[in-house]
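Take a look at the structure below.
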Amino acid sequence: VVHRDLKPANICFTKSGEFKILDLGLARDIERDLETETYSGTPAYSSPEQAACRPTDGRSDQYALALIVFEMLTGKKAFTDVNLLCLLNKQIEDPPPRPRDLVPELPEATERAILRALSKNPEERYVSCREFAHDLGDFPGGTERSHVVPIPADKRIGFYIAHVADESLLARQLGRA
């Protein structure tokens, strides 16, 4: 299933410590034809192919997940614009900002993983979100560490992921741990 509207508001963190993806109203079975000539989704979390009304697959959701991770780790959205058409155009054409420009202490491996998942070309993204999750927590020398970004309470987006390779909630939910 391709969600096609993955965004922070559609991810719930349960009391039992699990992430649940909500609002499958735009979801499509990947076995079906996903071609569309009309836009649907949330511009701030749309992949370039979705923004251009081209066919989507799981890599489109991976792009949205990378935008969410970018926002969680930096405290800022990767792409913004008050004009929604301009925002969609940024998703299609503009390179994403480098996360380490916003948070210099962010591990280089984490930045590489995020930028790969944010590739404009779906063929250059990870084969799976599991592979993306693995690389998010892959540190030189096998060291594991968590990364906490200080965000004022009024700027927090509702949940955080502990950034540890095998122990992170993201890795657990994506089947890594």
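Just so it is clear, the values below take in all heavy atoms, side chains as well, and ignore hydrogens, waters and symmetry mates.
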Problem set entry | In one Ile/Leu/Val/Met/Phe/Trp/Tyr side-chain cluster, 4.5 Å: L67, L102 | yes
Problem set entry | Same cluster (ILVMFWY, side-chain, under 4.5 Å), V103 and I68 |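 Cluster IDs for V103 and I68 match.
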For this session: May I ask you to decide if R59's main-chain N or O and R125's side chain share a donor-acceptor pair within less than 3.5 Å?
Result: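 Side chain of R125 to backbone of R59, a donor-acceptor pair under 3.5 Å: yes, one is there.
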Exercise. Which pairs count as ring pair (Phe, Tyr, Trp, His ring centres under 6.0 Å) when at least one residue sits in residues 100-125, sequence neighbours excluded?
Worked result: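 Ring pair (Phe, Tyr, Trp, His ring centres under 6.0 Å) check on residues 100-125 returns no pairs.
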Problem set entry | Within residues 65-100 or reaching into it, pairs that qualify as ring pair (Phe, Tyr, Trp, His ring centres under 6.0 Å) - sequence neighbours excluded | none
Looking at [atom1] of [X] and [atom2] of [Y], how far apart are the two atoms once the value is rounded to the nearest 0.5 Å?
X    : Y    : atom1 : atom2 : answer
I114 : T110 : CD1   : OG1   : 6.5 Å
Q62  : L118 : CD    : CG    : 9.0 Å
N121 : E49  : CG    : CD    : 8.5 Å
D61  : T56  : CG    : OG1   : 7.5 Å

For this session: List for me each residue that meets ring pair (Phe, Tyr, Trp, His ring centres under 6.0 Å) alongside Y126, sequence neighbours excluded, and say none if there are none.
Result: F132
Taking all non-hydrogen atoms of both residues, which atom of [X] and which atom of [Y] are closest, and how far apart?
X    : Y    : result
P99  : L106 : CB-CD2, 3.5 Å
S60  : S47  : OG-OG, 2.5 Å
S46  : T42  : OG-O, 2.9 Å
A117 : A66  : CB-CB, 3.5 Å

Taking only residues two or more places apart in sequence, or in another chain, which ones meet [X] in a side-chain hydrogen bond (donor to acceptor under 3.5 Å, both in side chains)?
X    : answer
R116 : none
E108 : none
E111 : R98
K77  : none

May I have the list of side-chain donor-acceptor pairs in residues 89-96 shorter than 3.5 Å, sequence neighbours left out?
| residue | atom | partner | partner atom | Å |
| --- | --- | --- | --- | --- |
| K90 | NZ | T80 | O | 2.7 |
| K90 | NZ | D81 | OD2 | 3.3 |
| Q91 | OE1 | Y63 | OH | 2.9 |
| Q91 | NE2 | P43 | O | 3.0 |
| Q91 | NE2 | A44 | O | 3.1 |

